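Take a look at the structure set out below.
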Amino acid sequence: MNKNIELANLIFPDVKLTIADLEDKYPSRELKEGAKVTRFAPSPTGFLHTGSLFTSLVAYKISKDTGGIFYIRLEDTDTKREIEGSGIKLIDQLKAFNIIPNEGFLGDKEIGNYGPYKQSLRKEIYDTVIKEMIINDLAYPCFASEDDLTKLREEQTKNKEIPGYYGKYAIYRNLDIEKAIEYIKEGRPYVIRFKSKGNHLNKIKVHDEIRGDLELTENDQDIVIMKSDGLPTYHFAHVVDDHFMHTNLITRGEEWLSSLPIHVELFNALHFKLPKYAHLPVIMKLDNGNRRKLSKRKDKEASVDYFLSEGYEPSSILVYLMTIANSNYEDYLVTSKNYDLDSFKFNLKKMSLDGALFDEVKLSYYGKEILSKMTKEEIASKSYKWAKTYSSELKEFIEKDYNRYERILNIEREKKNPRKDYAKYSDIYEIIKFFDHDEYIKLLDNLDFKFKEKITNEIIINFLNLYKESNMIDYESENDWFNNVKEIAKKVEFCTDNKLFKANPDAYIGNINDACEILRVTLVTRNVTPNLFEIMKILGKEEVINRINLYIEHINK
Ligand code: GLU
């Protein structure tokens, strides 16, 4: 028997399939012209990273725009780094962003004809390919110990040569097959390496969908394709999985660009069709004026959980990420004001290359835009759902009177230019808690508001008493109510005409805005508030009188 076959049978006695069988089992997909098959391939090593949300959004969006397939593959072959349960959590987090795959690993189940979609369940597939590679002299067992590899490294450093396992440093590459068989029978530990035919003095041409045509150094490393635990390495699993799952566009982080020559060589050696690649920029952050990668350890915003717990509406994060993904998306938003991502056609060619910079101020802007466009019912129910998990104080507030909560959120909402007070659900409580009587008392206790000098306590009290004695909020229209406020303001020598006031400010105690400020501070404990008339309508007459009395008591203290 051919020695290679003997070796392959010794290593994989149970493997009966061939690559041709796998090709039959996983036939080409029937796709319409231009449809892209993309995937998100997370490793279950922790929370969903903001960068991963970014890459999955891009993959998802491209498949959707082209009428293709987006699937999820769980890359769980690094058992040492695996965090129990994180695979399922990743899927749940994606779901929160409405990134729903057409097929693949879905946590508790999987769907699709190209599975299993969890790498640890694909061992038979990897073994089949490797077995055939050994038979065809494309792979070999390597028995190098840690010590051997350290010695190689030292020698390479001494000789000022490129580190790695290649050429003359690939010490088991030409081991006599008889010997390899003997070592395996003895039970010596080994890995399987790819037998590279490359030379690092050569260049290869590859195309990246974002970066265009590239010239990269050819691979000559005999990389490990199967580790001693029998599981594949990323390089090998990527090639095998994306081939048999028929991914035709690989979108992944640019950290993989440097290993692209390895993947190209593997695809070619196996006679698999090379998919298209798009290496996406890494999300960066400004730190003391320097750009650096968002770091899992240092930056809270590196974790998608942070945004969810802060109560950013998931769609606002996606919109924001899309602005960093596609330079023309922002222009599109300015003109269309349409935040529905589906209506925008994503273009890989418009991807910025110099690293996407994360900017929470901009995220806040989109947060406000999106929350302001919701109906009162929508923002009330979504924020309530958020509060149930993340904010007991907001939850309690809402549960006291849901209808009141909706009315509060509706203040200046149904307008052409609605108010933009909230960037995220966690902003809501602080802004609206004054509606609650007990919270108002606490705020009042700590209040030390200074009005303009001329606005003495006496004037404030006179004004408030006159207001109390008037019809107060018993007006249908805001205009009539405001006219009443003006009348009262005049009585305490405020000017109700801004022009007159500007011409001769000394003749008055203040202008109408100053008078309104008294009402704002009295009722809300702040001088910047949304529409005062609407606030008073929600508080109700009794509570407004109550607050006026409490406020007068407070300043008399
Ligand atoms: N499991 C790899 C990672 O998490 C996937 C890279 C890829 O998309 O190919 O980085």
Side-chain angles (χ1 to χ4, degrees), residues 36-63 68-83 86-91 93-94 99 101 103-105 107 110 114-122 125-126 206 208-211 219 223-225 227 231-267 272 274-283 293-296 302-304 321 325 348 351 356:
K36 293 283 178 268
V37 179
T38 62
R39 84 303 193 264
F40 174 47
S43 304
T45 52
F47 56 68
L48 183 61
H49 191 279
T50 304
S52 305
L53 179 63
F54 181 67
T55 49
S56 55
L57 169 65
V58 169
Y60 169 73
K61 183 72 179 127
I62 294 175
S63 78
I69 302 278
F70 168 68
Y71 71 88
I72 295 186
R73 179 171 70 230
L74 194 70
E75 306 214 320
D76 61 342
T77 57
D78 192 346
T79 39
K80 279 191 223 103
R81 287 177 55 225
E82 178 157 355
I83 295 176
S86 62
I88 296 183
K89 181 140 190 251
L90 288 168
I91 303 301
Q93 285 170 315
L94 282 187
I99 299 188
E103 64 178 57
F105 170 80
E110 61 170 50
Y114 293 85
Y117 294 88
K118 196 171 159 179
Q119 286 182 331
S120 55
L121 301 177
R122 297 175 61 79
I125 299 171
Y126 305 126
V206 270
D208 180 277
E209 296 298 304
I210 304 172
R211 286 146 219 269
N219 175 59
I223 56 133
V224 175
I225 54 177
K227 299 175 288 180
L231 289 171
T233 55
Y234 168 76
H235 301 308
F236 180 68
H238 149 52
V239 171
V240 170
D241 292 345
D242 283 311
H243 173 71
F244 288 112
M245 293 181 181
H246 297 276
T247 320
N248 56 18
L249 174 65
I250 313 282
T251 47
R252 60 181 181 187
E254 69 185 357
E255 67 272 24
W256 296 110
L257 188 59
S258 59
S259 16
L260 185 54
I262 299 174
H263 308 148
V264 170
E265 194 186 357
L266 277 168
F267 269 103
F272 292 166
L274 190 69
K276 291 191 166 147
Y277 283 93
H279 290 89
L280 308 180
V282 174
I283 300 195
K293 274 195 206 168
L294 264 191
S295 137
K296 264 194 190 187
S303 160
V304 162
L321 288 178
L348 263 184
M351 192 121 195

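Since we're looking at a predicted model, the values are computed, not measured. Both counts, for ligands and for their atoms, begin at 1 and track the order of listing.
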Smallest heavy-atom separation, Thr38 atom then Ala59 atom, equals OG1-O, 2.7 Å
For the residue pair Tyr234 and Trp256, is the inter-centroid distance of their aromatic rings smaller than 6.0 Å? yes
May I ask you to decide if Ser120's main-chain N or O and Asp76's side chain share a donor-acceptor pair within less than 3.5 Å? yes
To check your reading of the model: name the closest protein heavy atom to atom 4 (O) of ligand 1, its residue, and the distance in Å. Ser43 OG, 3.4 Å
Out of Arg252, Glu75, Glu255, His263, whose heavy atom is nearest to atom 2 (C) of ligand 1? Glu75
Is it true that atom NZ of Lys293 has more than 12 heavy atoms of other residues, nucleotides or ligands lying nearer than 6.0 Å? no
Proximity of Phe40 to ligand 1 by residue part, where a heavy atom lies under 4.0 Å: neither
When you look for heavy atoms under 4.0 Å from ligand 1, do you find them on the side chain of Arg39, its backbone, both, or neither? side chain
Candidate pair Phe272 and Asp242, rule side-chain contact (heavy atoms from CB on, under 4.5 Å), full reasoning: CA-CA 10 Å; Phe272 292 166; Asp242 283 311; over 6 Å; no
What is the closest protein heavy atom to atom 9 (O) of ligand 1, and at what distance does it sit? Tyr234 OH, 2.4 Å
Which label fits Phe47 and His49: parallel for a plane angle under 30°, tilted from 30 to 60°, or perpendicular past 60°? parallel
Looking only at protein heavy atoms, identify the closest one to atom 5 (C) of ligand 1 and say how far it is in Å. Ala41 O, 3.1 Å
Any idea which protein heavy atom is nearest atom 6 (C) of ligand 1, and the distance to it? Trp256 NE1, 3.3 Å
